[in-house]
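FYI, side chains are in, hydrogens and waters are out, and symmetry mates aren't considered; it's all heavy atoms of this structure. Numbered from 1 within each chain, the chains take letters A, B, ... in sequence-line order. Here the structure is a predicted model, which means the values were calculated and not measured.
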There are 2 protein chains.
Amino acid sequence: MGVRVATLADVARRAGVSTATASRIINGSSKPVTDELRARVLAAVAELRYVPNAHAQMLARSNRNAVGVLVHDVSDPYFAEITRGLQRVATAHGRLVIICNTFREPARELEYIDLLHAHQVAAIVVAGSGYLSSDDETELHDRMAAFETTGGRIAVIGRHSHTSDAVLPANEEGGFLAGEHLFELGHTAVGVIAGPAALTTTADRLAGLHRAAAAHSRTLTVVHADFTRDGGEAAAAALLAEHPELTAVAALNDSMAVGALAAMRTCGRNLSVVGFDDMPIARDVTPALTSVRLPLTRLGERAMELALTPPPDSTPRAEHIPAELIRRESTWPLPGPR
Amino acid sequence: MGVRVATLADVARRAGVSTATASRIINGSSKPVTDELRARVLAAVAELRYVPNAHAQMLARSNRNAVGVLVHDVSDPYFAEITRGLQRVATAHGRLVIICNTFREPARELEYIDLLHAHQVAAIVVAGSGYLSSDDETELHDRMAAFETTGGRIAVIGRHSHTSDAVLPANEEGGFLAGEHLFELGHTAVGVIAGPAALTTTADRLAGLHRAAAAHSRTLTVVHADFTRDGGEAAAAALLAEHPELTAVAALNDSMAVGALAAMRTCGRNLSVVGFDDMPIARDVTPALTSVRLPLTRLGERAMELALTPPPDSTPRAEHIPAELIRRESTWPLPGPR
DNA sequence: CGGTAACAGGAAAGCGCTTACCTCAAGGTT
DNA sequence: AACCTTGAGGTAAGCGCTTTCCTGTTACCG
């Protein structure tokens with residue numbers, strides 16, 4: 001374990017130059033240097049397999065090169081899409097991306113903000129909806145404010161903020177679109193498989209659905225699940241069992257919609273289903289899922305762009321990303337399926 | 001931009017103590033300190049919103065706390081699963097995970113190895129199959145060796161290595177399983193939708209398939225795609241058009257299998273399909289996909305465990321993860337579908 | 001031919017933190 | 001009473017790198 005790592009000083013010694021010269025050559029500084037020395041230094045670097053210590057560089061230069069990303073769970077396809085967008089533009093800007101999984105635990109979120117802060121990242125992108133509990137939110141805002149005080153930039157996806165730039169998917173409008181679609185098809189008894197009640201995404205999408213229902217003088221039968229496929233299946237099974245009158249259900253994300261499809265197959269019922277997010281899987285299930293599309297990759301890209309671009313003035317920017325209904329085969333007019 | 005960040009010295013000054021004391025209190029060192037001072041320092045920390053500079057800490061302590069992960073693409077469900085496993089155990093060990101997307105470009109892989117090396121990560125996990133071009137591989141081994149020389153640990157997933165610990169999914173056996181399954185069902189004309197020819201995963205799975213074919217004195221019609229759903233669909237369409245005699249196809253991953261299903265639907269044909277990896281989507285498509293399961297999350301977990309555990313001796317460990325055939329509805333005996 | 005501008009390279013001062021070592025007092029020992 | 005612990009805190013030496021300022025050469029000028 002007591003391995004000596006080659007340092008700049010080693011390289012310099014070996015090449016018979018000062019560390020200053022070695023550093024300049026290695027970093028391709030503008031200072032002119034003879035080819036002779038350059039060659040010697042480069043040779044020493046190769047021989048010693050020298051790799052500069054990034055921490056020491058950060059410290060000496062005190063510039064920030066990485067960006068941090070907070071997501072609920074990268075392996076969740078929803079966040080995977082967003083992350084893809086984030087990565088794309090971060091890499092294009094030559095930034096290293098540090099991804100932190102919060103697993104929907106506010107405490108972990110706070111912890112990671114500090115950790116990224118400590119690592120002097122240039123910016124933090126917070127993806128995933130906020131929490132309705134204002135305790136957690138204010139604590140979070142506090143931490144984010146502290147980070148911004150040090151010159152760090154923050155962009156949030158899907159939660160409002162009056163201090164940081166935000167990219168806001170049209171969750172409410174999307175919910176409305178989904179509801180409107182079902183009611184226009186003539187459905188009157190509509191069930192909803194919602195996400196965790198504490199998340200703003202759930203609240204927003206639900207609000208849109210309720211607005212559509214109100215416009216048609218209907219009410220909704222809402223049941224809460226956890227945004228996972230299996231959770232959706234269980235919730236759908238319960239919903240179908242207790243409410244035989246339902247003819248359509250809206251799931252607040254595609255994973256749960258897929259679960260609902262499975263539940264329907266199991267109990268031999270056939271309701272219209274509308275999903276949310278239009279994830280890749282939507283077109284590959286049977287029936288192909290009608291879904292409210294949110295351009296997730298774009299969401300990620302825009303957020304990272306905002307995070308990496310200093311704001312024109314000090315007022316935070318907010319960018320709305322519209323939702324769009326993608327009609328497929330899982331929804332049909334009321335009188336008789338198919 | 002010229003923001004002054006609070007430093008330890010600021011905290012110390014404000015609390016009227018030396019930086020040594022402040023440091024000890026903040027890090028909960030074992031040195032005893034009066035409650036009086038402790039309170040003053042903690043108060044100063046809170047007031048100044050002090051967050052220690054992680055780079056300076058790394059430098060001073062010269063201990064490594066992060067681990068790096070190289071994957072082709074986190075948003076690919078295959079790697080998302082693996083990454084989930086990696087994250088789980090890394091987090092359990094209190095390690096920060098830095099994820100790097102190589103997008104299947106060997107050059108980027110090299111670059112990232114150096115970058116992680118520079119960041120003094122404790123370990124690097126390389127996920128994703130290797131390349132058959134030995135140029136890239138030797139260069140890569142070089143870089144990895146350099147990293148290991150400095151005391152860093154490396155674990156690779158899915159590629160052989162005689163220098164580092166490796167976790168090896170049973171790709172060849174899996175291919176054999178898939179082939180055996182189809183031939184036992186009586187299929188004689190079997191097509192294969194393979195991945196990029198340059199990847200060892202492709203080569204290994206294909207080898208297993210060929211072994212099964214040979215055992216039954218059959219040959220395979222192989223076409224190469226890119227492991228994506230759309231690539232699989234296109235490849236399948238071409239394959240079906242050119243080879244009307246085929247009655248079954250093996251896709252070297254589930255994404256392409258799903259694409260193949262779509263292609264079949266489009267051109268109204270109905271062959272048996274076997275996929276690979278048993279990703280979550282497999283059970284939700286119609287017909288539910290028969291697939292060779294590789295416990296991806298486990299793969300990730302074991303790799304991270306190896307990476308975080310110093311090897312008992314200096315000989316690299318290799319761990320095999322068995323494959324298992326999951327029979328569903330997409331494969332049936334030859335005489336007549338369904 | 002003295003003077004100076006341009007060049008090549010080195011010395012050393014940090015960057016923010018940790019920690020080995022030292023100091024000073026107060027209490028305990030014979 | 002002289003001596004030694006022990007406790008509580010400070011001093012300062014780095015960790016590996018960048019960069020400002022300096023120094024010693026050489027080349028060019030009038």
Side-chain angles (χ1 to χ4, degrees), chain A residues 2-42 44-45 48-65 114-115 117-121 150-151, chain B residues 2-42 44-45 48-65 114-115 117-121 150-151:
Chain A
V3 213
R4 255 302 311 277
V5 189
T7 74
L8 220 216
D10 297 329
V11 172
R13 197 171 312 122
R14 173 147 194 154
V17 301
S18 73
T19 60
T21 309
S23 171
R24 294 200 265 254
I25 291 178
I26 291 172
N27 297 302
S29 126
S30 55
K31 263 243 171 180
V33 176
T34 29
D35 290 351
E36 153 75 15
L37 284 198
R38 182 184 314 284
R40 290 223 308 269
V41 169
L42 261 22
V45 166
L48 296 175
R49 303 193 155 296
Y50 168 72
V51 176
N53 182 320
H55 297 301
Q57 284 186 307
M58 294 279 85
L59 200 53
R61 294 197 184 125
S62 69
N63 73 343
R64 307 157 148 215
N65 77 142
D114 278 354
L115 189 135
H117 181 162
H119 275 260
Q120 310 290 103
V121 298
T150 71
Chain B
V3 213
R4 256 300 314 278
V5 188
T7 74
L8 219 216
D10 297 329
V11 172
R13 196 171 314 121
R14 173 149 195 153
V17 301
S18 73
T19 61
T21 309
S23 170
R24 295 199 266 255
I25 291 177
I26 292 172
N27 298 302
S29 128
S30 56
K31 263 244 171 178
V33 176
T34 33
D35 289 351
E36 152 76 16
L37 283 199
R38 181 184 314 285
R40 288 225 308 268
V41 169
L42 261 23
V45 166
L48 296 176
R49 301 194 156 296
Y50 168 72
V51 176
N53 182 320
H55 297 301
Q57 283 186 306
M58 296 278 84
L59 200 55
R61 294 196 182 126
S62 69
N63 73 344
R64 307 158 148 214
N65 78 142
D114 278 355
L115 189 134
H117 181 163
H119 275 260
Q120 309 289 104
V121 297
T150 71

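- Between the C1' atom of D:dG16 and the CG atom of B:N63 lies a distance of 15 Å, rounded to the nearest Å.
- At C:dG16, none of the side-chain N or O atoms of B:Q57 fall inside 4.0 Å of OP1 or OP2 (strictly under the cut-off).
- Here A:S62 lies out of heavy-atom contact (under 4.0 Å) with every strand.
- At D:dT18, one or more side-chain N or O atoms of A:S23 fall inside 4.0 Å of OP1 or OP2 (strictly under the cut-off).
- Sorted by first and then second residue, the salt bridge (Lys or Arg N to Asp or Glu O under 4.0 Å) pairs with a member in residues 13-23 of chain A read A:D10-A:R13, A:R14-A:E47; sequence neighbours excluded.
- Distance, B:R38 CZ to D:dG9 P: 9 Å, rounded to whole Å.
- One distance of note links CG of A:N53 with CE of B:M58; it measures 10.0 Å at 0.5 Å rounding.
- Here the NE2-CD distance, from B:H55 to A:Q120, works out to 5.5 Å after rounding to the nearest 0.5 Å.
- One atom, CG of B:L48, and another, P of C:dC17, lie 12 Å apart when rounded to the nearest Å.
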- Scan nucleotides 5-13 of chain C nucleotide by nucleotide, 5' to 3', and note B when protein non-hydrogen atoms come under 4.0 Å of the base, S if they reach only the sugar-phosphate, - if neither. ---SBBB--
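- If you take CD1 of B:I26 and P of C:dG16, they are 15 Å apart, rounded to a whole angstrom.
- B:R38 pairs by the side-chain hydrogen bond (donor to acceptor under 3.5 Å, both in side chains) definition with nothing, not counting sequence neighbours.
- Applying the salt bridge (Lys or Arg N to Asp or Glu O under 4.0 Å) test to pairs two or more places apart or on separate chains, those with a residue in residues 24-36 of chain A are A:E36-A:R40.
- Distance from the side chain of A:T7 is smallest for D:dG16 among the nucleotides D:dT18, D:dG16, C:dC17.
- By the side-chain hydrogen bond (donor to acceptor under 3.5 Å, both in side chains) test, B:T19 is found to be paired with no residue, residues two or more places apart in sequence or in another chain being considered.
- Taking atom CE of B:M58 as the reference point, atom C1' of D:dG14 lies 16 Å away to the nearest angstrom.
- Here the closest heavy-atom approach between residue A:V51 and residue B:D114 is recorded as CG1-O, 3.8 Å.
- Minimum heavy-atom separation, B:I26 to B:Y50: CD1-CE2, 3.7 Å.
- At D:dC15, none of the side-chain N or O atoms of A:N53 fall inside 4.0 Å of OP1 or OP2 (strictly under the cut-off).
- The nearest whole Å value for the distance from the CG atom in A:L8 to the P atom in D:dT19 is 12 Å.
- Between the CD atom of B:E36 and the C1' atom of D:dG7 there is a distance of 16 Å, given to the nearest Å.
- Note: CZ (B:R61) to P (C:dT19) measures 6 Å, nearest angstrom.
- For the helix from C:dC1-D:dG30 to C:dT30-D:dA1, the end axes, each set by the C1' atoms of five terminal pairs, are bent relative to each other by 60° (nearest 10°).
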